[in-house]
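Each chain gets a letter, A, B and so on, in the order the sequences are listed, and its residues count up from 1.
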2 protein chains.
Amino acid sequence: MPAPLMPREEVVRRLLEVFRGHGFDGASLAQLSKASGLGKSSLYHYFPGGKEDMARAVLEEVERWMAAHVLAPLAAPGTPARRLARMVKALDELYDGGRAACLLGNMLVGDARRLFRKPLKDAFGAWIEALASVARDAGMSATPARLWAEETVLSIEGALVLARGLDDPEPFRRVLRRLPGTLARS
Amino acid sequence: MPAPLMPREEVVRRLLEVFRGHGFDGASLAQLSKASGLGKSSLYHYFPGGKEDMARAVLEEVERWMAAHVLAPLAAPGTPARRLARMVKALDELYDGGRAACLLGNMLVGDARRLFRKPLKDAFGAWIEALASVARDAGMSATPARLWAEETVLSIEGALVLARGLDDPEPFRRVLRRLPGTLARS
DNA sequence: TCACTGTTGGACCAACCGGTCCAATAAACG
DNA sequence: CGTTTATTGGACCGGTTGGTCCAACAGTGA
């Protein structure tokens, strides 16, 4: 029983890059195979359900990543500003300073949206709830906290779209830079 | 020389719906043919360059639509608030109250982004410039006006993403509702 | 009426799609 | 060392892709 040459986690991470760049429909098995360095057979060994399975694993990886680098820091002890700052730093890396697209956002296009409606909804929902919790800790009452949280996620997603549209990562960086201030000012 | 049964404009509008729902990669010729009611041959008569040509025509149609329903109202005489309100109304219809996706946004995924980089950049750029002009008319100086304009576009795009992610058009409606106020307050 | 001509459907094509299969491999164990 | 077995590459499958082609069509002008 030979150990796998590449840990499944690493495979998933490579698949993620393909889906993130091309979306679900646009990601072909040939690309997925090339990017992962695995033959089709090995790919189907890891993911018996084919492309849909791969995308599902990628989404779960994103959920894990979010839990570790976004939800956990937001829920950790510390001042709201400090907790937000840790999320900002993680997002800046995840999105390569505004140069990379959002996997979740790209999964909302075409068949993928129907296929992954629930995990997508849950991911956005969890993110918003974690942010709202921080806002409440900063003294906001429930409803404004929720609205601020939605607006925050919305700004980040919108910034990624605009950054790709204008071919300039600046809008994304500006949104991240301003983010902590929006909490204090509200 | 028989007149075309369907004006080219109407064909393009039908193709738009397919691209907007499935993105460029996800839109197949079979879907495009069915949605337009045209056989492949007729489709290639209208668009000799194939799918890329169709997408280009769709993008041009969007540019025309934007010019008529967004840029023109924003540049028209009237108070800034009134001009903004007219754009808001148009956008609310275009995006079906937050239930429909953004064609421009979906064109940023996969090969399409490379293919249509320039028209996409121009479309976003023109939109932002028209908004910035309104902001300047409202008394803002150049730089804040530009920032406000970018933030406005970013909020709309982000709201569309979030609305689709949460499966709830409310974030989009809220952004539109609040939009006029953001100008006054800045 | 009839030739003309822009338009049409759909057969057809090679290439690629997602997916299956199996012989060959190579670490672990006896 | 040989057996076992999880893992592997890649040939292969039917179906679909984007794209081509052409015979038939239907208004128009003479």
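Distance from the side chain of L29(A) is smallest for dG19(C) among the nucleotides dG19(C), dC17(C), dG10(D). When the nucleotides dT7(D), dT8(C), dG18(D) are ranked by their closest atom to the side chain of S42(B), dT8(C) comes out on top. Here the side chain of Y44(A) is nearest to one of dG19(C), dC17(C), dG9(D), namely dG19(C). Of the candidates dT7(D), dT8(C), dG18(D), dG18(D) carries the atom nearest the K51(B) side chain, counting heavy atoms from C-beta on.
Between L32(A) and F19(A) the shortest side-chain heavy-atom distance falls below 4.5 Å.
Using a cutoff of 4.0 Å between basic side-chain nitrogens and carboxylate oxygens, R146(A) and E151(A) are not scored as salt-bridged. One finds no salt bridge joining D168(A) and R99(A) here, because no Lys/Arg side-chain nitrogen approaches an Asp/Glu carboxylate oxygen to under 4.0 Å. Ion pairing of E61(B) with R64(B) is present here, as a side-chain N (NZ or NE/NH1/NH2) and a carboxylate O approach within less than 4.0 Å. D111(A) has no carboxylate O lying under 4.0 Å from a charged side-chain N of K51(A), or vice versa, which leaves the two without a salt bridge.
Nearest-nucleotide assignment on DNA chain C puts the 5′-proximal partner with A30(A), out of P48(A) and A30(A).
Going from atom CG of L43(A) over to atom P of dT7(D) covers 14 Å, rounded to whole Å. With rounding to whole Å, R8(A) atom CZ is found 15 Å from dT7(D) atom C1'. L38(B) has its CG atom 16 Å from the P atom of dG18(D), to the nearest Å. Across the protein-nucleic acid pair, Q31(B) atom CD and dT17(D) atom C1' stand 12 Å apart, rounded to whole Å. Protein atom CG of L115(A) is 14 Å distant from nucleotide atom P of dG18(C), rounded to whole Å. What separates NE2 of H45(A) from C1' of dT5(D) is a distance of 11 Å, to the nearest Å. D111(B) has its CG atom 12 Å from the P atom of dG18(D), to the nearest Å. Atom CZ of F47(A) and atom P of dT7(D) are 13 Å apart (whole Å).
Under a cut-off of 6.0 angstrom, the local environment of CZ in R13(A) is crowded, with over 12 non-hydrogen atoms contributed by other residues, nucleotides or ligands.
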Please enumerate all protein N or O atoms sitting under 3.5 Å from an N or O of nucleotides 13-16 of chain C, with distances to 0.1 Å.
none

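A distance of 6.0 Å separates CG of L43(A) from CG of L15(A), quoted to the nearest 0.5 Å.
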